[in-house]
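Right, one structure below, let's go through it.
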Amino acid sequence: MKKEHLQGIFFALVFAVPAWLLGQEFPIVGGPVFGILLGMIFAGLRRPQAVEAGIAFTGKKILQYAIILLGFEMNLFHVLEVGSQSLSVMIFTLLTAFAVALSVGKLLKLERSTTTLIGAGTAICGGSAIAAVAPVIGAKDKDIAFSISTIFLFNVLAVFIFPFLGHLMNMSDFGFGMWAGTAVNDTSSVVAAGYSYSEEAGGFATIVKLTRALMIVPVCLIFALLMAREKAGQGQGFKLGKIFPWFILWFVAASIVNTTGVLPAEFAHALGSLGKFAIVLAMCAIGLNTRLMELVRHGLAPIALGFCCWVAVACMSLLVQYVTGIL
């Protein structure tokens, strides 16, 4: 971070603090959504040229630092806790999300980065996955804004629709927890949907969701390799070290540190919370560089794509559970 970045960081911070507080008050919406909305609302205001470099830095580099800090709330033992059955459901839903995103996105003539981010947000963990994948594929701010807005819409719908459908299908607590944990996008929405079904379903859905979040690591690495191959195919000179998502390796390192228990639980939780705030800060910066009217003008196609991905993942989760005998 350079000295000229400070003004832009503090400028974004003006919007991040109220966005964070609103997110605490309305967790179903969440701080990142409030952050990007506040940023977009005030994006049209005239601002000093001196803040531009810092805003760009916040939307890109601080976003990566935020992902690293989130690792301090990850526990690798969660992977073992959920067992092989839930991992198979996760793998199939992940593949389904990306397959549907890329195929339907092409039909809707959406930019590839937008379809990739919506696919990642649906497949893994909503806003956190979008935040992690965006710098790897070089996504523009407007692509991130489209994706976050789309994922948010289906997060809210899932909280109300999933418990209703679960009771309609007479699902067990374990089955519903698996379904919510693998097919609902954001952590807050998974928790809300799971616990509104039952205490047991909520607890298991949360564990499944945390395990699913670790899929960020292989997905980011795969996209980094694909980007490297694409650049090589275009005859562009490139160095893998320059585009490799090193922040993901630091995320893994932070997860390992947390899993070992060497850090006091309170301190690890504080670092994770700082990471969540940093994501809100980055989303404010991204919103400040996004024109609201452009988002409205092109907003229907991403929503249609998000709907297709959401339905496909929900159905695939149920199908795999049925085939493997969970349901």
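Paired with L157 under the rule side-chain contact (heavy atoms from CB on, under 4.5 Å), one option of N155, V159, I161 passes, and it is I161. Exactly one residue among T122, L305, I118 makes a side-chain contact (heavy atoms from CB on, under 4.5 Å) with S147. That residue is I118.
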Would you be so kind as to tabulate the donor-acceptor pairs closer than 3.5 Å made by side chains of residues 26-54, with sequence neighbours excluded?
{"from": "R47", "atom 1": "NE", "to": "E52", "atom 2": "OE2", "distance (Å)": "2.8"}
{"from": "R47", "atom 1": "NH1", "to": "L288", "atom 2": "O", "distance (Å)": "2.9"}
{"from": "R47", "atom 1": "NH2", "to": "E52", "atom 2": "OE1", "distance (Å)": "3.2"}
{"from": "R47", "atom 1": "NH2", "to": "L288", "atom 2": "O", "distance (Å)": "3.2"}
{"from": "R47", "atom 1": "NH2", "to": "N289", "atom 2": "OD1", "distance (Å)": "2.9"}

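Applying the salt bridge (Lys or Arg N to Asp or Glu O under 4.0 Å) test to residues at least two apart or on different chains, the pairs with a partner in residues 101-122 are E111-K142, R112-E230. Legend: ring-ring contact (aromatic ring centres under 6.0 Å, His included) pairs involving residues 93-133, not counting sequence neighbours, sorted by first then second residue: F98-F223.
For the residue pair V136 and A224, the shortest heavy atom distance occurs at CG1-N, 3.6 Å. Taking all atoms of both residues into account, the shortest heavy-atom contact from L117 to A139 is CD1-CB, 3.7 Å. Across all non-hydrogen atoms, the minimal contact from I62 to A278 is CG2-O, 4.0 Å. The two residues C220 and A132 have their closest heavy-atom pair at SG-O, 3.7 Å. The two residues P163 and A158 come nearest to each other via the heavy atoms CD-O, 3.7 Å. Contact record, G59 with I286: O-CD1, 3.9 Å, taken as the closest heavy-atom pair.
Using a distance-only test at 3.5 Å, with no hydrogens or angles considered, no donor-acceptor pair links the side chain of N75 to the main chain of T259. Side-chain atoms of R212 come within 3.5 Å of backbone atoms of G181 as a donor-acceptor pair (strictly under, hydrogens ignored). No donor-acceptor pair under 3.5 Å is formed between the side chain of D173 and the backbone N or O of A201. Remark: the backbone N or O of G194 is not paired with any side-chain donor or acceptor of S198 at under 3.5 angstrom. The closest donor-acceptor contact from the side chain of S317 to the backbone of A314 lies at 3.5 Å or more, if one exists at all.
With sequence neighbours excluded, the residues forming a salt bridge (charged side-chain N to carboxylate O under 4.0 Å, His left out) with K276 are E73, listed by chain and number. For H167, the ring pair (Phe, Tyr, Trp, His ring centres under 6.0 Å) test picks out Y197, with sequence neighbours left out. By the side chain to side chain contact (heavy atoms under 4.5 Å, CB included) test, I91 pairs with L95, M215, sequence neighbours left out.
For the 3.5 Å distance criterion, the side chains of T182 and T93 fail to qualify, holding no donor opposite an acceptor.
One hydrophobic cluster holds both L168 and W310 under the rule that ILVMFWY side chains link at heavy-atom gaps under 4.5 Å. Both V104 and L110 sit in one connected hydrophobic cluster of ILVMFWY residues. Membership requires side-chain heavy atoms under 4.5 Å apart, directly or through other members. V219 and V313 fall into different hydrophobic clusters, where Ile, Leu, Val, Met, Phe, Trp and Tyr side chains are chained together by heavy-atom contacts under 4.5 Å.
Using a 4.5 Å cut-off on side-chain heavy atoms (C-beta onward), Y195 and T206 make contact.
The aromatic rings of F176 and W179 sit perpendicular to each other, their planes meeting at more than 60°, with 30° as the lower class boundary. Note: F307 and F154 have tilted aromatic rings, judged against thresholds of 30 and 60 degrees for the angle between ring planes.
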